[in-house]
Amino acid sequence: MSEYLKQFAEPFGYLDFARFGPVSQPVRRVLLREADRLHRHGWDALESLDADTAAAARTAGGLLGCAPHEIAFVGSTSHGLFAAAHAVGAGARSVGGPAPDGTVLVARTDFPGAVYPWLRAAANGGLAVRQLDGPVTVDLVRAHLDDRVRAVAVCAVDAATGYRAPLAAIKELIGPDRILVVDAVQALGAVEFAADAADVLAAGGQKWLRAGWGAAVLMVRDRIADRIGPGLSGWSGVVDPIDAPVHPCPPRPGAVAHTLTNPDGPAVAALGAALALVREEGPGRIEARIGEALGGLLAAARAAGAETGGGPTPDAPYGSPRGTGDPAATGSGIARLRLPGADPAAVHRALTAAGLSTTLRAGWIRLSPHASTDPGTADLLGGTLAHVRRGVRTA
């Protein structure tokens, strides 16, 4: 067993990392250390937390291909996307309001956390939203692209289907004058993706990064800093807020300009440990192991008579999804299955009773293993599905 895999100890049968990832050993150690530090020390503990935050920013920057000052930490992916939506809206108002240069393209089928920030910003008069019927492909974006479009918001990986968006091709299409905002929570720590295409990116640590809740990466690249405004900026995002004789103060340089307040220090330290683990192992090696685990699960499911969607195929590591019109798009760490003729809720209950942790969504069972998933889980999945299917046939 590799040193990387030794850092994990989730229960056998756990296939729900797209919902929550049990934390790694390094994260556990950091959280215990920080709890002890906060217990035993006073304000002097903040210096150590500040150092941990700076280290986490350097690690995140290394993974995402940006400078540390282009990284800030917020409380969640949703927080980061709300900041992005209001920043884009503030930028639109600065050039004359939402028309003609303030429309954002957003898929109505994306996870709600990636949709509501834009709807709320639009309701507050910051911009206009044009909702697309996903998945977000290059052809779909091209069909809706006009002079009013200021930004495109997309999930790097779709939480329900595992569809991986072609970020590089979308950015190439929309060009440098439009902003690509990426929700990367279902990608970062699981698969390689074109992070360099993202102008703004948000990703929490509670899923594939296995860092727990409380902190998320918010990346805002310098190249678009002059086209957005600090729409949700609080005191932590401005220069000298304590000693200023009057307010408002000018925004701080970098991504921190888009923060409301200081982040949760222990959570950021834990996220930094998780990011370091990914960087040390390499996203490509992690993706390959997840692909192997997912391929074994889907093969067992198909052998038991299940219909499957997403995941690797015999002719490609992750196979292009059919019917998307975008051959550059690939799958991810998420796939799904259903048993023809069987009640999806009953199938999900049977899997849970057998010790398999999955998620039921829209009539499909979602599978999201990690690199540390035991290969024997595929046998348990296949056997359980076969048992359920025999019951359907004899009913």
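Just so it is clear, the values below take in all heavy atoms, side chains as well, and ignore hydrogens, waters and symmetry mates. From a predicted model like this one, the values you see are computed outputs, not experimental measurements. Quick note: residue numbers are just sequence positions, from 1.
Counting only heavy atoms from C-beta outward, the side chains of F111 and D158 never approach each other to under 4.5 Å. Under the 4.5 Å side-chain criterion, counting only non-hydrogen atoms from C-beta, L64 is in contact with F193. Residues P283 and V278 meet the side-chain proximity criterion, which asks for heavy atoms closer than 4.5 Å. Contact annotation: the side chain of T373 never approaches that of Y14 to less than 4.5 Å [non-hydrogen atoms, C-beta and beyond]. Counting only heavy atoms from C-beta outward, the side chains of V268 and D52 never approach each other to under 4.5 Å. In this structure the side chain of R336 never reaches within 4.5 angstrom of the side chain of R361, judged on heavy atoms. For the pair R389 and L385, the minimum side-chain heavy-atom distance is 4.5 Å or more. Between L337 and E307, the closest side-chain pair of non-hydrogen atoms is not below 4.5 Å.
A salt bridge links K171 with D199: the closest approach of a Lys/Arg side-chain nitrogen to an acidic carboxylate oxygen falls below 4.0 angstrom. A salt bridge is absent between R33 and D36: the closest approach of a Lys/Arg side-chain nitrogen to an acidic carboxylate oxygen does not fall below 4.0 angstrom. Ion pair E3/K6 flagged as a salt bridge, since at least one NZ, NE, NH1 or NH2 atom sits closer than 4.0 Å to an Asp/Glu carboxylate oxygen.
Among the candidates P250, P230, S233, the single residue satisfying the side-chain contact (heavy atoms from CB on, under 4.5 Å) test with V238 is S233.
L145 is connected to V154 through a chain of hydrophobic side-chain contacts under 4.5 Å among Ile, Leu, Val, Met, Phe, Trp and Tyr, so both are in one cluster.
Judged as a side chain to side chain contact (heavy atoms under 4.5 Å, CB included), and not counting sequence neighbours, the contacts of A198 are V182, L201, M219. With sequence neighbours excluded, no residue forms a side chain to side chain contact (heavy atoms under 4.5 Å, CB included) with A35. E34 pairs by the salt bridge (charged side-chain N to carboxylate O under 4.0 Å, His left out) definition with R37, not counting sequence neighbours. Residues passing the side chain to side chain contact (heavy atoms under 4.5 Å, CB included) test with A67 are H69, E70, sequence neighbours excluded.
Hydrophobic cluster membership of L31, counting Ile, Leu, Val, Met, Phe, Trp and Tyr whose side-chain heavy atoms lie under 4.5 Å apart directly or via other members: V23, V27.
Under a cut-off of 6.0 angstrom, the local environment of OH in Y116 is sparse, with at most 12 non-hydrogen atoms contributed by other residues, nucleotides or ligands.
Annotation for L188 and A203: closest pair CD2-CB, 3.9 Å, computed over non-hydrogen atoms.
Pairs engaging residues 202-211 under the salt bridge (Lys or Arg N to Asp or Glu O under 4.0 Å) rule: E10-R210 [sequence neighbours left out].
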